[in-house]
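Working notes, structure below.
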Amino acid sequence: MRFAFKTAPQNTTWADMLAVWREADGIELFESGWLFDHFYPIAGDPSGPCLEGWATLTALAQATTRLRLGTLVTGIHYRHPAVLANMAATLDIVSGGRLELGIGAGWNQEESGAYGIELGSPRERSDRFEEACEVILGLLTQDVTTFSGSYYQLTDARCEPKPVQRPHPPFCIGGSGEKRTLRTAARFAQHWNFVGGTVEQFTRAKDVLRQHCADIGRDPAEILLSSHVVYTGDAAETAASAAALGEAGAELAIVTIRPPHSAAMMEPLATALAELA
């Protein structure tokens, strides 16, 4: 297996999270680091501290030299996709081509409602997400993009300069909705992330993704399969959870490290995971 880690920037401090990332940047086993993209904590007290994901990711890009980095995942309704495409291109440039573009349809009603950002019905979220993927792909790969959809309209739109990675930074699509999310992943993703659950749930979602790939004539091997794995505080136990998902077909385990964040936990965790590599 391959390994990554995630530090959701909730109920933590910048200094503690930065220390974890700098420590992990020196541990070759961890190929990438991830944040989430929320404005309120989604674990514990929603009134607690929560750093904005993309600003934090940009700072972490400057504080590291090797790790690939991304958000799991950016709710597409929080930012117009043309703006997000420009953000992604810029961050890919300033990180030296290390961005993983994590995107999803969005789900958090609490923060969306509080900020007056329309979330919409499940169908509306899925329709909007598909349009957004087309918009972002066009802007990152074409000189000009014209698009006429129900949610987004672009006319001879530009995004310059283009990202370092060609044709574009990998799209990481998160979610397990069988009818829409996994179909969108089959169309656009280079990386699909299972947000968490049982091995049986992962296996079912993986099989549905493969069927969607077959329906559109895409080789499913083109899509990296990853899963969240929660760090329990016991490195061996966490490694066992990753191993079970690996046996079911997960290629990348993204270990979620809950606060309080401590750089001291990274080396023992890497030692336990290395036996699976």
Side-chain angles (χ1 to χ4, degrees), residues 1-10 12 17-38 51 53-74 84 87-104 140 163-166 168-175 185 188-196 202 222-231 235 238-239 241-243 245-246 249-258 261 263 265-267 269-274 276-277:
M1 291 191 77
R2 296 155 56 184
F3 300 99
F5 68 95
K6 177 179 178 181
T7 56
Q10 60 182 344
T12 190
M17 194 164 52
L18 175 62
V20 167
W21 278 66
R22 283 178 166 163
E23 179 71 14
D25 197 41
I27 300 174
E28 187 174 353
L29 181 86
F30 296 114
E31 66 175 57
S32 56
W34 301 79
L35 305 177
F36 73 13
D37 182 42
H38 290 285
L51 297 172
W54 277 82
T56 304
L57 198 67
T58 302
L60 289 167
Q62 294 302 288
T64 57
T65 60
R66 181 191 61 83
L67 288 166
R68 297 186 63 78
L69 45 109
T71 59
L72 281 175
V73 287
T74 288
L84 184 59
M87 291 166 59
T90 299
L91 184 47
D92 197 52
I93 290 167
V94 302
S95 68
R98 292 187 282 143
L99 177 66
E100 300 272 330
L101 182 51
I103 46 178
L140 293 181
V164 172
Q165 298 179 86
R166 299 301 175 92
H168 56 80
F171 284 20
C172 173
I173 291 180
F188 294 103
Q190 288 73 53
H191 176 180
W192 167 67
N193 177 252
F194 177 63
V195 296
F202 169 81
E222 295 176 358
I223 304 174
L224 174 70
L225 307 181
S226 73
S227 176
H228 283 77
V229 177
V230 176
Y231 177 57
T238 304
S241 296
L245 285 160
E251 300 163 285
L252 175 67
I254 302 177
V255 181
T256 299
I257 302 170
R258 294 169 172 166
H261 293 136
M265 68 178 63
M266 300 307 288
E267 190 62 52
L269 177 60
T271 299
L273 294 172
L276 308 178

Worksheet item: S227 and N193: side-chain donor and acceptor closer than 3.5 Å?
Response: no

Worksheet, complete the sentence: Closest non-hydrogen atoms of L140 and P169, given as atom of the first, atom of the second and distance, are CD1-CD, 4.2 Å

Worksheet item: Mind checking what makes ring-ring contact (aromatic ring centres under 6.0 Å, His included) contact with H228, not counting sequence neighbours?
Response: none

Worksheet entry | E251 atom CD: more than 12 heavy-atom contacts under 6.0 Å | yes

Worksheet item: Does any N or O in the side chain of Q62 come within less than 3.5 Å of the main-chain N or O of V94, such that one atom is a donor and the other an acceptor?
Response: yes

Practice prompt. Report yes or no: does D37 contribute a side-chain atom to a donor-acceptor pair with the main-chain N or O of T71 at less than 3.5 Å?
Written response: no

Worksheet item: Between W192 and S226, is any side-chain donor less than 3.5 angstrom from a side-chain acceptor?
Response: no

Discussion item. Centre-to-centre under 6.0 Å for F30 and F5, is that the case here?
Written reply: yes

Item to complete: With sequence neighbours left out, write down each residue that passes side chain to side chain contact (heavy atoms under 4.5 Å, CB included) with V230, or none if nothing qualifies.
Response: R258

Item to complete: Taking all non-hydrogen atoms of both residues into account, name the closest pair between M266 and A24 and its distance.
Response: CE-CB, 3.9 Å

Worksheet item: Residues in ring-ring contact (aromatic ring centres under 6.0 Å, His included) with H261, at least two apart?
Response: none

Discussion item. Could you check, using the six-membered ring where one of them is a Trp, whether H38 and W54 have ring centers closer than 6.0 angstrom?
Written reply: no

